[in-house]
S.K.: 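First the structure, which I've put down as structure tokens, then a few questions once you've had a look.
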Amino acid sequence: MGFLQGKRILVTGVLSNRSIAYGIAQACRQQGADIALTYVGERFKERVEGFAQELGTDIVLPCDVSEDDQIEQAMASLGERWDGLDGLVHSIGFAPREAIAGNFLEGLSRESFRVAHDISAYSFPALAKAALPLLKGRKSSVLTLTYLGAEKAIPNYNTMGVAKAALEASVRYLAVALGEYGIRANAISAGPIKTLAASGIKDFSTILKFVETHAPLQRNVTIEEVGNVASFLMSELASGITGEITHVDAGFNCIVPGMQE
Ligand SMILES: NC(=O)c1ccc[n+]([C@@H]2O[C@H](COP(=O)([O-])OP(=O)(O)OC[C@H]3O[C@@H](n4cnc5c(N)ncnc54)[C@H](O)[C@@H]3O)[C@@H](O)[C@H]2O)c1
Ligand SMILES: Cc1c(CN(C)C(=O)CCc2cnc3c(c2)CCC(=O)N3)oc2ccccc12
């Protein structure tokens, strides 16, 4: 009997079996939750349906968060399958490539700033708002994924870091707005993990090596470790936690790199 037995959780952002969302969906399933997935783009539908089958579900819904009607339709379709929702996982992030490489100002533009904030920040409260009719009346919880680049200026993370700062602020305002319904809102700040979103990032292996060298646990984290904390935060074991950013990063956020030498 898992600590999420009977809970119904919608997980966005599963794109590959290396996705952080995949680790989260697996961990929640292992604790007894029923899972629903979303995907972006018909070309990924079959792949995500395959992951859904592994996770014991046939609820796979299209949802490009840049489109309001797709957010609304996804929640309407979900409401036809489930009479309520106990959890919503937002594991979505995107910025135009020029906005996450090189000099922050050189990569800065109104359009890339807009896109990064639309997809990586606005979409979290937007999904929560659209899911509210399903989330209400249950001890439900919403969760998003952020990164240390929201708190510290990390080379190349640039406009994504500004968007993640907005995302983290939205966690606190959602905690208040949803608190009156008994719904919790939290984030996990994950350490660097080699996923598709991380592939193609300049010098990503250098970032992984730097964390392995300087983090208190002297290693990187895995999607399973992030998934375990996510399943806890989605459960009643975390009933007193809301508006919180929990770091799952081998402790890297708590040190000043290089001063231990
Ligand atoms: N990989 C890391 O090092 C790391 C560390 C900390 C936080 N994060 C965050 O974790 C989250 C998941 O990223 P990941 O690393 O698992 O990579 P990933 O590529 O597996 O997942 C990113 C997801 O974002 C989705 N997405 C992009 N644009 C979208 C849109 N318009 N509508 C709906 N979905 C869209 C993609 O379909 C994909 O499923 C992101 O928010 C990312 O910023 C990643
Ligand atoms: C860690 C880390 C990440 C992983 N991470 C936390 C992320 O949030 C990745 C988010 C991301 C957002 N937008 C795009 C891409 C990745 C690559 C493909 C694309 O075109 N756009 O990305 C970095 C970029 C620079 C420096 C560190 C990092």
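Hydrogens, waters and symmetry mates play no part in the numbers below; they use all other heavy atoms, side chains included. Remember, it's 1-based here, ligands and their atoms both numbered in the order they're listed.
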S.K.: Do Cys254 and Pro216 make a side-chain contact, defined as non-hydrogen atoms from C-beta onward lying under 4.5 Å apart?
M.R.: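 Touching, per the 4.5 Å side-chain cut-off.
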S.K.: What are the atoms of ligand 2, with element, lying closer than 4.0 Å to any heavy atom of Ile207?
M.R.: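 Answer for ligand 2: 26 (C), 27 (C).
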S.K.: If only atom types and distance count, is the side chain of Arg81 paired as donor or acceptor with the main-chain N or O of Ala36 below 3.5 Å?
M.R.: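 Judged by distance alone, no pair lies under 3.5 Å.
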S.K.: Counting non-hydrogen protein atoms only, what is the nearest one to atom 18 (C) of ligand 2? Give residue, atom name and distance.
M.R.: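 Its nearest protein heavy-atom neighbour is Arg97 NH2, 3.4 Å.
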S.K.: Where is the nearest protein heavy atom to atom 20 (O) of ligand 2: which residue, which atom, and how far?
M.R.: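 Nearest protein contact, heavy atoms only, for atom 20 (O) of ligand 2 is Phe94 CE1, 3.6 Å.
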S.K.: Give a yes/no verdict on whether any heavy atom in Gly200 is under 4.0 Å from an atom of ligand 2.
M.R.: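 Heavy atoms of Gly200 never come under 4.0 Å of ligand 2.
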S.K.: Relative to each other, are the rings of Tyr157 and Tyr147 parallel, tilted or perpendicular (30° and 60° limits)?
M.R.: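 The arrangement is perpendicular - the two ring planes meet at more than 60°.
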S.K.: Need the list: ligand 1 N/O atoms against protein N/O atoms, distance under 3.5 Å, rounded to one decimal.
M.R.:
{"from": "ligand 1", "atom 1": "1 (N)", "to": "Ile193", "atom 2": "O", "distance (Å)": "3.0"}
{"from": "ligand 1", "atom 1": "1 (N)", "to": "Thr195", "atom 2": "OG1", "distance (Å)": "3.3"}
{"from": "ligand 1", "atom 1": "3 (O)", "to": "Ile193", "atom 2": "N", "distance (Å)": "2.9"}
{"from": "ligand 1", "atom 1": "3 (O)", "to": "Ile193", "atom 2": "O", "distance (Å)": "3.4"}
{"from": "ligand 1", "atom 1": "15 (O)", "to": "Thr195", "atom 2": "OG1", "distance (Å)": "2.7"}
{"from": "ligand 1", "atom 1": "16 (O)", "to": "Ile20", "atom 2": "N", "distance (Å)": "2.9"}
{"from": "ligand 1", "atom 1": "17 (O)", "to": "Thr195", "atom 2": "OG1", "distance (Å)": "3.2"}
{"from": "ligand 1", "atom 1": "19 (O)", "to": "Ala197", "atom 2": "N", "distance (Å)": "3.0"}
{"from": "ligand 1", "atom 1": "20 (O)", "to": "Ser19", "atom 2": "OG", "distance (Å)": "2.6"}
{"from": "ligand 1", "atom 1": "31 (N)", "to": "Asp64", "atom 2": "OD1", "distance (Å)": "2.9"}
{"from": "ligand 1", "atom 1": "32 (N)", "to": "Val65", "atom 2": "N", "distance (Å)": "3.0"}
{"from": "ligand 1", "atom 1": "39 (O)", "to": "Gly13", "atom 2": "O", "distance (Å)": "2.8"}
{"from": "ligand 1", "atom 1": "41 (O)", "to": "Ile92", "atom 2": "O", "distance (Å)": "3.0"}
{"from": "ligand 1", "atom 1": "41 (O)", "to": "Lys164", "atom 2": "NZ", "distance (Å)": "2.9"}
{"from": "ligand 1", "atom 1": "43 (O)", "to": "Lys164", "atom 2": "NZ", "distance (Å)": "2.8"}

S.K.: Are any of the N or O atoms of Ala95 closer than 3.5 Å to those of ligand 2?
M.R.: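 Yes; the residue has a nitrogen or oxygen that sits under 3.5 Å from a nitrogen or oxygen of the ligand.
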S.K.: Counting each atom of ligand 2 from 1 as listed, which ones have a heavy atom of Ile100 under 4.0 Å away?
M.R.: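 So the answer, numbered in order with elements, is 13 (N), 14 (C), 15 (C), 16 (C), 17 (C), 21 (N).
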S.K.: What are the atoms of ligand 2, with element, lying closer than 4.0 Å to any heavy atom of Asn156?
M.R.: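 The atoms of ligand 2 under 4.0 Å from a heavy atom of Asn156 are 25 (C).
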S.K.: Is it true that Ala116 lies under 4.0 Å from ligand 2, counting heavy atoms only?
M.R.: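 Judged by the 4.0 Å heavy-atom criterion, Ala116 does not count as contacting ligand 2.
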S.K.: For Phe232, check ring-ring contact (aromatic ring centres under 6.0 Å, His included) against everything at least two apart and list the hits.
M.R.: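 With sequence neighbours excluded, Phe232 shows a ring-ring contact (aromatic ring centres under 6.0 Å, His included) to no residue whatsoever.
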S.K.: Using a 4.0 Å heavy-atom threshold (strictly under), name the region of Ala190 that reaches ligand 2: side chain, backbone, both or neither.
M.R.: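 Neither part.
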S.K.: Provide the number and element of each atom of ligand 2 under 4.0 Å from a heavy atom of Phe204.
M.R.: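 Numbered from 1, ligand 2 contributes 1 (C), 2 (C), 3 (C).
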S.K.: Starting from atom 26 (C) of ligand 2, find the nearest protein heavy-atom neighbour and note its residue, name and distance.
M.R.: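 Ranking protein heavy atoms by distance from atom 26 (C) of ligand 2, first comes Pro155 O, 3.5 Å.
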S.K.: Do any nitrogen or oxygen atoms of Tyr157 lie less than 3.5 angstrom from nitrogen or oxygen atoms of ligand 2?
M.R.: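 There is such a contact, yes.
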S.K.: Is there a donor-acceptor contact under 3.5 Å linking the side chains of Glu168 and Thr146?
M.R.: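 Result is yes, a qualifying pair exists.
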S.K.: Do other residues, nucleotides or ligands put more than 12 heavy atoms under 6.0 Å from Lys129 NZ?
M.R.: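 No, because the 6.0 Å sphere around NZ of Lys129 holds 12 heavy atoms or fewer from other groups.
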S.K.: State, with a plain yes or no, whether a side-chain heavy atom of Asp83 is found less than 4.5 Å away from one of Arg8.
M.R.: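 Counting from C-beta outward, Asp83 and Arg8 do come under 4.5 Å.
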S.K.: Quick one, Leu4 and Ser231 - any side-chain contact, counting heavy atoms below 4.5 Å?
M.R.: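 Sidechains of Ser231 and Leu4: in contact.
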S.K.: Give the atom numbers and elements of ligand 2 that come within less than 4.0 Å of a heavy atom of Ile201.
M.R.: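 Near Ile201, meaning under 4.0 Å from one of its heavy atoms, ligand 2 has 17 (C), 22 (O), 23 (C), 24 (C), 25 (C).
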S.K.: Does some side-chain heavy atom of Leu132 sit less than 4.5 Å from a side-chain heavy atom of Ile183?
M.R.: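 A side-chain contact exists here, since the closest heavy-atom pair is under 4.5 Å.
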S.K.: Could you please spell out the steps behind the salt bridge (charged side-chain N to carboxylate O under 4.0 Å, His left out) verdict for Asp203 and Lys209?
M.R.: CA-CA 10 Å; Asp203 303 331; Lys209 187 66 187 165; over 6 Å; no
S.K.: Please enumerate all residues that pass ring-ring contact (aromatic ring centres under 6.0 Å, His included) together with His214, with sequence neighbours excluded.
M.R.: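 With neighbours one apart ignored, the set is Phe210.
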S.K.: Looking only at protein heavy atoms, identify the closest one to atom 16 (C) of ligand 2 and say how far it is in Å.
M.R.: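 The protein heavy atom lying closest is Ala197 O, 2.9 Å.
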S.K.: When you compare the side chain of His90 with that of Ser123, does any pair of heavy atoms fall below 4.5 Å?
M.R.: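 Side-chain contact under 4.5 Å: yes.
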S.K.: With sequence neighbours left out, write down each residue that passes side-chain hydrogen bond (donor to acceptor under 3.5 Å, both in side chains) with Glu42, or none if nothing qualifies.
M.R.: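 In terms of side-chain hydrogen bond (donor to acceptor under 3.5 Å, both in side chains), with neighbours along the sequence ignored, Glu42 is linked to Tyr39.
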S.K.: Could you check atom 10 (C) of ligand 2 against the protein and tell me its nearest heavy-atom contact, residue, atom and distance included?
M.R.: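 The answer is Met160 CE, 4.0 Å.
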